[in-house]
Amino acid sequence: MFDLLSLVRPNIRAMKPYSSARDEFQGEAHVMLDANENSLGSAGPELFNRYPDPLQRAVKAELAKLKGVAENQIFLGNGSDEAIDLLVRLVCIPGQDSILVLPPTYGMYEVAANLNDVRLERLPLTPDFQIASETIAQIVASDAKIVFLCSPNNPTGNLLHAEAIEKILRGFRGLVVVDEAYADFAAFPSWTTRLAEFPNLVVLQTFSKAWGLAGLRLGMAFASPDVVGFLNKIKPPYNVSEATQQHALAALHDAARFEQMREQLLIGRNWLAERLPELAIIEKVFPSDANFLLARFRPDATAVYEFLVARGIIVRNRTTQPGCAGTLRLTVGTPSENEQLLQALQEFK
Ligand SMILES: *Cc1c(COP(=O)(O)O)cnc(C)c1O
């Protein structure tokens with residue numbers, strides 16, 4: 001019942017992708033005069049005079065080993081935000097189609113829908129930020145083209161129950177995008193382990209969080225080779241720069257540092273999760289499988305937010321998000337930053 005070809009926009013099925021010089025000739029020759037590059041070199045301290053590999057093969061080879069997927073199940077983008085935008089454009093006809101989101105959740109799904117003139121349908125999570133069984137039924141009955149499931153969810157920090165996601169994967173006719181930006185902090189296997197079972201599954205991950213490379217802009221989408229093929233067809237030819245590809249390779253060879261930071265952030269999260277609930281101004285700290293904690297403050301979260309700003313500590317005010325009244329989202333920092341945050345909150349009057 002899931003049929004990718006009938007889901008993809010007809011104009012995208014029919015179009016011929018741009019064929020770059022680097023698509024037509026791969027590798028290095030003695031004299032490279034095919035791409036209007038500058039053979040003399042580069043301004044600035046490093047050489048970037050050649051166009052990068054449009055399909056980022058070296059990075060994907062390393063990632064495939066690390067993630068246990070095939071190289072043709074990996075799409076790389078300029079942040080996962082690029083993958084979100086391309087997915088919407090791949091299957092949604094502007095002015096006609098819709099996507100589903102489950103608030104409170106990440107804001108970029110809505111931005112991508114608005115940018116592309118795609119209708120957004122909101123099906124709220126339960127008060128404990130899970131997917132109600134009526135909501136599963138609504139999703140399965142919907143003819144929206146994509147449902148975005150963020151797990152662990154931003155800004156709430158919790159994993160969505162696997163049974164609910166599985167029911168949606170089995171019943172929904174569109175793409176099921178599981179955004180795992182925070183998967184590295186979660187005590188649950190990634191949905192990438194289930195790709196072979198579900199042709200409609202797309203898993204998003206990123207180098208922006210646990211890898212500590214938000215400034216690099218590199219996001220990953222894992223999906224069937226067919227979905228990945230279509231994303232490659234519609235992406236800008238050189239969407240991931242040579243600098244990014246080189247740096248990503250270096251990062252992947254430095255897995256020990258990744259592991260060490262991840263462990264330290266988990267320790268920081270537990271440290272804060274133990275101490276924050278002791279504060280009188282905190283009503284509740286929500287359980288987190290991410291590198292942040294959502295906390296409900298009383299009586300006035302925004303006053304706490306402003307107090308922290310005045311102390312030079314910036315957190316995310318989530319009080320206006322559906323189901324998040326009175327909450328602030330606190331990113332886990334260095335041990336010293338965590339102590340400063342706790343200290344400031346203890347001094348709030
Ligand atoms: C941070 C975050 C991302 C990462 O986006 P990038 O464009 O890769 O930096 C994606 N999804 C969610 C839910 C996030 O919180």
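Computed from heavy atoms alone, side chains included, the values below leave out hydrogens, waters and symmetry copies. Each residue takes its place number in the sequence, starting with 1. Remember, it's 1-based here, ligands and their atoms both numbered in the order they're listed.
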Among all protein non-hydrogen atoms, which one is nearest to atom 4 (C) of ligand 1, and what is the separation to 0.1 Å?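 Here the closest protein heavy atom is Ser80 OG, 3.4 Å.
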Report task. Specify the protein heavy atom at minimum distance from atom 11 (N) of ligand 1: its residue, its atom name, and the distance to 0.1 Å. Result ->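 Atom 11 (N) of ligand 1 sits closest to the protein heavy atom Asp179 OD2, 2.7 Å.
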Q | Cys150 heavy atom under 4.0 Å from ligand 1 | A |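 Yes, that is the case, since the closest heavy atom of the residue is under 4.0 Å from the ligand.
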Run Val178 and Leu201 through side-chain contact (heavy atoms from CB on, under 4.5 Å) and show every step you take.
CA-CA 7 Å; Val178 181; Leu201 171 62; 3.7 Å; yes
[X]: numbered ligand 1 atoms lying under 4.0 Å from its heavy atoms:
{"X": "Ser208", "answer": "6 (P), 8 (O), 9 (O)"}
{"X": "Ala181", "answer": "2 (C), 3 (C), 10 (C), 11 (N), 12 (C), 14 (C)"}
{"X": "Lys209", "answer": "1 (C), 2 (C), 3 (C), 4 (C), 14 (C), 15 (O)"}
{"X": "Tyr182", "answer": "1 (C), 14 (C), 15 (O)"}

- Query: Between Glu278 and Arg275, is a salt bridge (charged side-chain N to carboxylate O under 4.0 Å, His left out) present by the stated rule, with each step listed?
  - Reply: CA-CA 6 Å; Glu278 292 166 2; Arg275 285 160 184 80; over 6 Å; no
- Report the part of Arg217 in contact with ligand 1, treating N, CA, C, O as backbone and CB onward as side chain, heavy atoms under 4.0 Å; options are side chain, backbone, both, neither.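 For Arg217, the contact with ligand 1 is made by the side chain alone.
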Item to check | Residues Ser190 and Gln205: side-chain donor-acceptor under 3.5 angstrom | outcome: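 Ser190 vs Gln205: donor-acceptor pair found between side chains.
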Review point. What orientation do Tyr182 and Phe185 show, parallel under 30°, tilted 30 to 60°, or perpendicular over 60°?
Key: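 It falls in the tilted class, 30° to 60°.
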Start with the C-alpha distance between Ser224 and Asp226, add both sets of side-chain angles, then the distance that settles side-chain hydrogen bond (donor to acceptor under 3.5 Å, both in side chains), and finish with yes or no.
CA-CA 5 Å; Ser224 74; Asp226 290 339; 5.0 Å; no
Does the N or O separation between Asn154 and ligand 1 drop below 3.5 Å for any pair?
->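 Yes, since at least one N or O of Asn154 sits under 3.5 Å from an N or O of ligand 1.
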* **Any N or O of Asn78 closer than 3.5 Å to N or O of ligand 1** =>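 By distance alone, the answer is no.
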Quick one: does any side-chain atom of Arg217 pair with a main-chain N or O of Gly77 as donor and acceptor, under 3.5 Å?
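Here the side-chain-to-backbone pair does not exist.
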* Does CZ in Arg194 sit with more than 12 non-hydrogen atoms of other residues, nucleotides or ligands closer than 6.0 Å? ->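 Yes, the 6.0 Å shell around CZ holds more than 12 heavy atoms from other groups.
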